[in-house]
Amino acid sequence: MHASPPRGLEVSHRIISERVARLELIKQKGVEPYPTKFSVTHTAAAVLEAFESLEKDQAAVAVAGRLLSKRGHGKASFGHILDRSGKLQAYFREDVLGPEGYELFGLLDVGDIIGVTGPVFRTRTGEVTVKAESVTLLSKSLRPLPEKWHGLKDVETRYRQRYVDLIVNTEVRRQFVLRSRIVSTIRRFLDSRGFIEVETPILQPLYGGAFARPFVTRHEALDMQLYLRIADELYLKRLLVGGLDRVYEIGKDFRNEGIDRTHNPEFTQLEVYQAYADYQDIMDLVEEMLVEVVTEVHGGTKCKYGEHELDFARPWKRVSYFGALKEAVGADLTGSSDEEVRALCVKLGMDVEAIATGKKPGAETGRAGAVQGGERGGQRAEARGVAQDGGGGAGGPVGGGGPGGAGWGRTMVRGRLLDELFSEKAQPNLIQPTFVYDYPKEVSPLAKDKGGSPGIVERFEPIVAGLEVGNAFSEQNDPLEQARQFDLQAQARADGALEVQPKDTDYLRALEYGMAPAGGLGLGIDRIVMILTDARTIRDVVLFPQLRAEALREEDEREDEGGSTPDAGA
RNA sequence: GCGCCGUUAGCUCAAUUGGCAGAGCAUCUGACUCUUAAUCAGGAGGUUGGAGGUUCGAUUCCUCCACGGCGCACCA
């Protein structure tokens with residue numbers, strides 16, 4: 001499907017007209033082409049499974065699905081039908097169906113949805129087949145399916161018309177079934193541990209819990225502006241205050257940012273909060289949960305992703321943030337000064353000034369891709385906002401004109417450079433499932449300080465195949481400290497940092513009642529599904545990825561179709 | 001937002017240096033009662049994504065536009 005549909009439509013229109021003509025013939029025969037119901041006894045897979053006994057008993061089965069192929073041989077034909085479980089061959093004979101029945105079969109097109117009843121047998125070539133004693137048209141198809149051999153490859157059409165993609169590309173179908181199993185396994189895992197699934201507002205008067213520009217919408221009756229949530233975090237932690245000690249939510253977050261191979265504007269995120277736990281407990285939780293998920297979909301802890309053979313077996317590698325950095329750049333930057341970090345970056349050929357001022361060309365890459373779905377609450381991001389003291393975008397909190405690329409404040413350069421170093425040098429090497437823990441405080445203001453380690457917070461990210469798939473920490477539950485962080489953010493906001501969330505005074509009020517110590521986690525479901533289904537782009541694990549509007553000329557098509565009526569089937 | 005690449009029949013793809021736009025599958029007609037990329041014979045199907053330009057002549061070269069892919073930026 002390309003922008004304008006022109007000539008091609010004339011042809012497809014011809015094929016459609018032929019099918020419409022056959023549809024009319026079917027109606028003239030008194031056959032209802034769109035009946036309401038068909039009683040199915042077996043799926044295709046069930047027939048294959050139970051073949052031996054079905055054949056012995058000569059039991060008639062009733063199967064239904066889409067007719068994928070027709071191979072006519074005069075007074076007999078073969079065809080395959082596809083249902084939710086797979087494909088099954090059917091055999092149609094005139095002497096069984098009768099002249100009327102066989103004639104009706106002749107009016108069927110590949111793509112029609114039909115029901116077939118009859119006994120099963122094995123053909124001379126060994127394929128389990130239903131011998132049709134009756135055929136029922138269940139839905140007439142008017143559009144031709146893509147070619148049987150090469151299938152549908154055009155990615156644009158595959159995304160725009162996912163329904164066609166799902167019909168003809170079995171691998172795509174399998175992938176989305178797997179996605180569903182991954183999510184249900186996660187639910188089962190958490191449910192069995194006493195977590196309850198909750199639903200918090202998607203339409204929010206104040207957005208928060210991450211550092212991102214939101215989508216803005218409007219409630220007419222209330223006459224107020226609302227935002228689509230960018231994270232669930234602040235609402236879920238309110239529930240901890242309320243005494244729901246183990247909660248989780250799986251839902252869509254919306255971030256008004258660029259689209260690329262790892263970012264869709266709406267994406268699915270799991271957030272989990274467990275009272276009386278810290279980030280170490282959450283690490284265990286993540287390990288155990290993913291082992292269960294991977295085992296469910298792959299039958300073991302191993303999984304291929306691109307060139308890599310991943311193994312999710314416990315225990316995962318655990319490496320501190322500065323340890324990973326040291327391994328990557330050969331220098332221990334723990335407690336390093338701004339100048340030391342800067343000097344190292346210069347030595348490594350990084351454009352320090354550009355990074356520091358937020359204008360670096362062509363860097364900052366690793367982190368970007370990493371987090372969709374991965375990073376929960378955006379602790380780091382908030383930190384960033386806090387640090388911004390200059391430069392960037394002007395205007396209101398939302399929807400201002402600028403790109404939001406405010407310059408990095410002098411106080412924040414170290415954190416920014418560290419992050420850059422980590423994304424560029426350390427993260428890409430972390431292929432096997434790894435926990436990177438103990439992050440610099442500069443980039444994690446909602447996490448709790450690590451006792452005895454100034455400047456470090458209790459936070460970790462699970463990294464798989466070089467991608468951040470989540471973000472977790474021991475939650476900040478000191479209301480006064482949290483208020484200080486909010487005030488710092490307000491400062492950054494005033495300085496023009498578009499992505500910084502507004503101060504959420506109700507959230508602070510909640511914390512003031514007292515929130516149990518807790519560990520929290522955000523896990524990017526899309527990212528997890530990508531890894532477990534060996535998908536290269538997020539669009540392959542999102543059923544209907546966001547695309548620009550298609551130039552559909554529906555009216556024109558309709559008019560054209562009304563035109564000539566080919567001699568087909570007459 | 002920027003750069004590069006792409007868009008040819010319903011689908012998958014060809015087309016020498018600018019010289020009559022092709023194939024396979026699908027479709028249509030005919031034959032065929034165990035085929036399975038069924039087979040055999042015959043036919044139809046195109047304003048090469050859109051609009052301009054250069055040229056005797058444009059799928060091919062140039063400009064603009066639309067959509068997509070990749071990269072960058074943004075961001076998670």
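Residue numbers begin at 1 in each chain, while the letters A, B, ... track the order of the sequences.
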N/O donor-acceptor pair, side chain A:Q89 with base B:U35, under 3.5 angstrom: yes
Which whole number of Å gives the distance between the [atom1] atom of [N] and that of [M]?
N: B:G45; M: B:C25; atom1: C1'; value: 14 Å
N: B:G6; M: B:G42; atom1: C1'; value: 37 Å
N: B:G53; M: B:G69; atom1: C1'; value: 28 Å
N: B:A9; M: B:A21; atom1: P; value: 15 Å
N: B:C4; M: B:U12; atom1: C1'; value: 25 Å

Would you mind reading off the distance between [X] atom [atom1] and [N] atom [atom2], rounded to a whole angstrom?
X: A:E147; N: B:C13; atom1: CD; atom2: C1'; result: 10 Å
X: A:D260; N: B:C4; atom1: CG; atom2: P; result: 20 Å
X: A:L68; N: B:A26; atom1: CG; atom2: C1'; result: 14 Å
X: A:E156; N: B:C5; atom1: CD; atom2: C1'; result: 15 Å
X: A:L152; N: B:A26; atom1: CG; atom2: P; result: 17 Å
X: A:K131; N: B:U35; atom1: NZ; atom2: P; result: 15 Å
X: A:I16; N: B:A9; atom1: CD1; atom2: P; result: 15 Å
X: A:N264; N: B:C74; atom1: CG; atom2: P; result: 20 Å

Using OP1 and OP2 only, check whether a side-chain N or O of [X] sits under 4.0 Å from [N].
X: A:R539; N: B:G69; value: yes
X: A:R548; N: B:G68; value: yes
X: A:R93; N: B:C34; value: no
X: A:R124; N: B:U35; value: yes

Mind checking whether A:I81 and A:V130 have side chains closer than 4.5 Å, heavy atoms only?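 The answer is no; the side chains never approach within 4.5 Å.
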Heavy-atom side-chain contact between A:L430 and A:E461 under 4.5 Å: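 When only atoms from C-beta onward are counted, A:E461 and A:L430 do not touch, as no gap falls below 4.5 Å.
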Stepwise, does the side chain to side chain contact (heavy atoms under 4.5 Å, CB included) test hold for A:D232 with A:Y248? CA-CA 10 Å; A:D232 310 1; A:Y248 74 96; over 6 Å; no
For [Y], is there any backbone N or O sitting under 3.5 Å from a side-chain donor or acceptor partner on [X]?
X: A:Y305; Y: A:A535; answer: yes
X: A:D112; Y: A:S141; answer: yes
X: A:R162; Y: A:V542; answer: yes
X: A:Q427; Y: A:G466; answer: yes

Taking only nitrogen or oxygen atoms into account, show me every contact under 3.5 Å that the protein makes with nucleotides 38-41 of chain B, one pair per line with its distance.
| residue | atom | partner | partner atom | Å |
| --- | --- | --- | --- | --- |
| B:A38 | OP1 | A:K148 | NZ | 2.2 |
| B:A38 | N7 | A:G72 | O | 3.3 |
| B:A38 | N6 | A:G72 | O | 2.5 |
| B:A38 | N1 | A:H73 | ND1 | 3.2 |

Report the nucleotide, chosen from [options], that has the shortest atom-to-atom distance to any side-chain atom of [X].
X: A:D154; options: B:C34, B:U27, B:U12; value: B:U12
X: A:E127; options: B:U35, B:G68, B:U33; value: B:U35
X: A:F78; options: B:C67, B:U35, B:G24; value: B:U35
X: A:R261; options: B:C74, B:G71, B:C34; value: B:G71
X: A:T129; options: B:C11, B:U35, B:G69; value: B:U35
X: A:I15; options: B:U33, B:U27, B:C34; value: B:U27

Pairs counted only when both distances fall under 3.5 Å, Watson-Crick or G-U: show me the 5' to 3' dot-bracket for RNA chain B, [ ] for pseudoknotted crossings and | for other-strand partners. (((((((..((((.....[..)))).(((((.......))))).....(((((..]....))))))))))))....
Which residue lies more 5' along RNA chain B, comparing A:D95 with A:H80 via nearest heavy atoms: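 Upstream on the strand: A:D95.
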5' priority, RNA chain B, between A:G126 and A:D109 [closest heavy atom]: A:D109
If you compare all heavy atoms of A:Q175 against all heavy atoms of A:V541, which two are closest, and at what distance to 0.1 Å?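 So the two residues come closest at NE2-CG1, 4.2 Å.
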What's [X] touching, base or sugar-phosphate or nothing? Going by heavy atoms closer than 4.0 Å.
X: A:N256; value: nothing
X: A:L547; value: sugar-phosphate
X: A:Y159; value: sugar-phosphate
X: A:R122; value: nothing

Does a side chain donor of either A:Y159 or A:D154 reach within less than 3.5 Å of an acceptor in the other side chain?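 No.
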Do A:N471 and A:R459 have side-chain atoms, one donor and one acceptor, less than 3.5 Å apart? yes
A:F105 six-ring face occupied by A:K70 cation (under 6.0 Å, within 45°): yes
